[in-house]
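Values in this document were obtained by computation on a predicted structure and should not be read as measured data. We name chains A, B, ... by the order of the sequence lines, and we start the count at 1 in each one.
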Amino acid sequence: MIAARPRNILLVSGTLLLLLVLVMLGALVFGAVSIRLEDLITLFRNDTANPVARTIILDLRLPRVLLAACVGFGLAQCGVVFQTLLRNPLAEPFILGISSGSALGAILAIVTGLSFPSAVPLCAFMGGLITIALILSISQFKGPVNTTTLLLTGVILNAFFYSIILFFVTTTSEEKLHALLFWLYGDLGRSRFSHVWTLAPVVLLGGAFLFGYAKSLNLLSAGEEAAHHMGLEVERTKVTLFVAVSLITGCVVSMSGVIGFVGLIVPHLVRMVLGSDHRVLLPSAGLFGACFLVAADTGARTIIAPSELPVGVITAFIGAPFFILILNRRGSGWGA
Amino acid sequence: MGRLNVDGVSFSYQDKAVLSEIRFQVDKGGFLGVIGPNGSGKTTLLRILSGVLKPVQGHVFFDGRPLHEYGRRALARRMAVVAQEFGQTFPMTAEQVVLMGRFPHMARLAFESARDLGVVRRAMVKTDTVALAHRYFHELSGGERQRVVIARALAQEPEVVLFDEPTAFLDIRHQIEFFDFVWELNRDMGLTIVAVSHDINLAAQYCRELLLLSEGRVFEKGPAERVVTEKNIEAVYRKRVLLDQNPLYGSPRITLMSQLESFGKE
C-alpha cells in the first residue's frame, strides 16, 4: 500500500520499468538458440559479426518481445478498468468473452478469404466491439451491475463463439488451420515491427488517457451513487471509459489473438502489493503486465524448444487457479 | 428564500407516484429530520435533494438557483451525502476513502495539495478516525465505516449534508454518538443538515424541525412538538402510540403499544 504522491508513482514506475528492461534483455538472450549477454551488446553495435544470431535476435526476437510488452501492458490496464467499471474483481477481456468475440471476427475474415489490407485485425477489432455491445445490452450496464448476470453472460458468449469457431476449425482447409489456431490460443510468434509500431502508440496513448481518469476510477470504486455525490458525471465517465478500454482491448487482441487471464492476474497482484488507488495501480499494472507477458512468452518458446507453445496456454495455466483463488476471497472486501 | 427550497416536487417510478406536490424549505443552518413510514417516499426525496433523481414536476432550489443548473462538481463542493450503505469494491484504506472527498475541489490531473491534505486531516480529527487512517475500510466496523464516510463528506467542505437512515445499522451507543456529532456539526460549523430517519424519538430529540411524510405527501412540518402528536402518528402510521415527554429534554416521546388485548394484563 503506497500513497498516491507523484514521487511515489515515479519511483514505482521507474522500478518496474527497470524490471521490464531486464526481463526483455533476458527474453532476447534465452530461446531455442541462446546467446551470451556480451554477444547481445556487440550484436547491437556491430553489423557483420554474426549474421544468423543477428537475424534471430533483431528480426525475430526483438519485435516479439516488444509486442509482448505492448500486449501485456494493454491487457493489464484494460483488466484494471473493466474490474472497476463493472465493480467486479473477476472482470477481464477473456472472461467477459471479448477476446473470443475478436477471435471469431478474425477467423471469419480468414475463412471467407477477405483480402483487403489489415482485413483480419480489423475484423478481430469489430468482433470485440460487437461483443461488448452484446454484454452491455444483456447485463444492463445502466445502474448497478449484477455480478452473476455479467459472468454468466461472458460464459455463454464464450460458449457460443467457440461453437462457431469450432465449426470453422473442423471444416476449414489444412493450410488455413494454423492461422485459425493462432487466434484461439494467442501467439506472438508472428510478431513484426509493423505490429509493434501500430500497437505501441495505442497502448501508450491509451494508458495516458486512462491515467487522466485515475481519480474518477477511484470514485467509481466507492459505488456509482457515492461517485455522483462526490462530483463525478457518472454515466458520461462510464461510457467514455468503456469505449476507451474496448478500443484498446480490440486493438490488442487483433495483434495477439486470445491471451487470457493477464488482465485478471496482474491487476490483483499489483493491488495486493501497492493498493487500489488507480493513480498508482494503472501505470504499475501496465508495466508489470508487460513484464509478465514477456516472461510468459519466453517460457512459451523455451519450455518445449525447439517447438513452441502458444503463450495463451501459459497464461491460462497460471491464471485459472488464480481465478479460483480470487473467487474464494470475495466477500472479504474484494468486490463484496 | 432558504438554503434548500423544494417547490411542488412530484416524482413517480413508471406509473407509480412516489412523491406528489412536495413543498418545504430548509433554512441556512437548519437541521431537518424527515420521518415517515416505509414507502412514504423518504429516500426518494433525499435522492431528489441530492440530484441523483430529477423530479417529474417542480423544482429544487439550492440558494435560490435550480439544482439542475449546478454542475456535478460545483454541487459536490457545497453538498455532501452520507448514504445508508458504503460499498468499496477494492481494498482501500480509510485515509484513501477520505481523500476521495477532495475530488470536486481538484483539477483533473492534480494531486492533493498541502491544503487538500490539511482539510482531510481536519475532517479525520473531527470524526475521530485518525487512528483508522491506515486500516482497510472493509475491515472496519459499521460505526467506524460511517465515521470514515462522514469524514469523506466533510472533506468536500460542504454547506449542506444529507444523511440517509444514518442510524439504521447502529447499536444504541453509536446511534447517540452519531446524533451528538451531527448536532455539533450543525451548531458549531453551521452546516445545514437533512437526515432521513426511522427513529422518531431520536429525530424529535435532536432535529430543529421535522417533516412527516405520508404516501408521498407532506403531512406535517415544523418543530417536533407540532409534528409528533398522537393524532399525526396514528393517522400516518395507522397505529396508536402513547405520547409523553422525554424526561431529560422535554421533546415528544412515543411508546409503542401492543395490538394484543391480553398483552401486559397477565
**Report entry** Structural part of B/Phe137 lying under 4.5 Å from a heavy atom of chain A
**Finding:**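 For B/Phe137, neither part sits under 4.5 Å from chain A.
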
How close do [X] and [Y] get, heavy atom to heavy atom, and via which atoms?
X        : Y        : result
A/Ala4   : B/Phe111 : O-CD2, 3.3 Å
B/Pro91  : A/Ser276 : O-OG, 2.7 Å
B/Met100 : A/Asn218 : CE-O, 3.4 Å
A/Arg279 : B/Ala110 : NH1-O, 4.3 Å

Rounded to the nearest 0.5 Å, what's the gap from [atom1] on [X] to [atom2] on [Y]? Could you check?
X        : Y        : atom1 : atom2 : result
A/Met230 : B/Arg72  : CE    : CZ    : 11.0 Å
A/His228 : B/Arg47  : NE2   : CZ    : 9.5 Å
B/Phe90  : A/Leu220 : CZ    : CG    : 11.5 Å

Query raised in the report: In terms of heavy-atom proximity below 4.5 Å to chain B, should A/Ile9 be classed as side chain, backbone, both, or neither?
Result: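 Side chain of A/Ile9 only, per the 4.5 Å heavy-atom cut-off to chain B.
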
Query raised in the report: Does a sphere of radius 6.0 Å around NE2 in B/His59 hold more than 12 heavy atoms from other residues, nucleotides or ligands, not counting ones at 6.0 Å or beyond?
Result: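 Atom NE2 in B/His59 is not crowded, with 12 or fewer foreign heavy atoms closer than 6.0 Å.
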
Query raised in the report: Does atom CZ of B/Arg73 have more than 12 heavy-atom neighbours from other groups under 6.0 Å away?
Result: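 It does: B/Arg73 CZ has more than 12 such atoms within range.
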
Query raised in the report: Under a 4.5 Å heavy-atom cutoff, which of A/Glu233, A/Arg5, A/His229 has the most pairs with chain B?
Result: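 Greatest number of close heavy-atom pairs with chain B: A/His229.
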
Query raised in the report: Given the options A/Gly275, A/Ala226, A/Gly212, which has more heavy-atom pairs under 4.5 Å with chain B than any of the others?
Result: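 Option with the greatest count: A/Gly212.
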
Report task. Select all residues of residues 148-156 of chain B having any heavy atom within less than 4.5 Å of some heavy atom of chain A, and report them by number, or 'none'. Result ->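 Counting heavy atoms that sit under 4.5 Å from chain A, the residues of residues 148-156 of chain B involved are B/Arg152, B/Gln156.
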
Report task. Decide, yes or no, whether a salt bridge links B/Glu112 with A/Lys215 under the criterion of side-chain N to carboxylate O below 4.0 Å. Result ->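 Salt bridge: no.
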
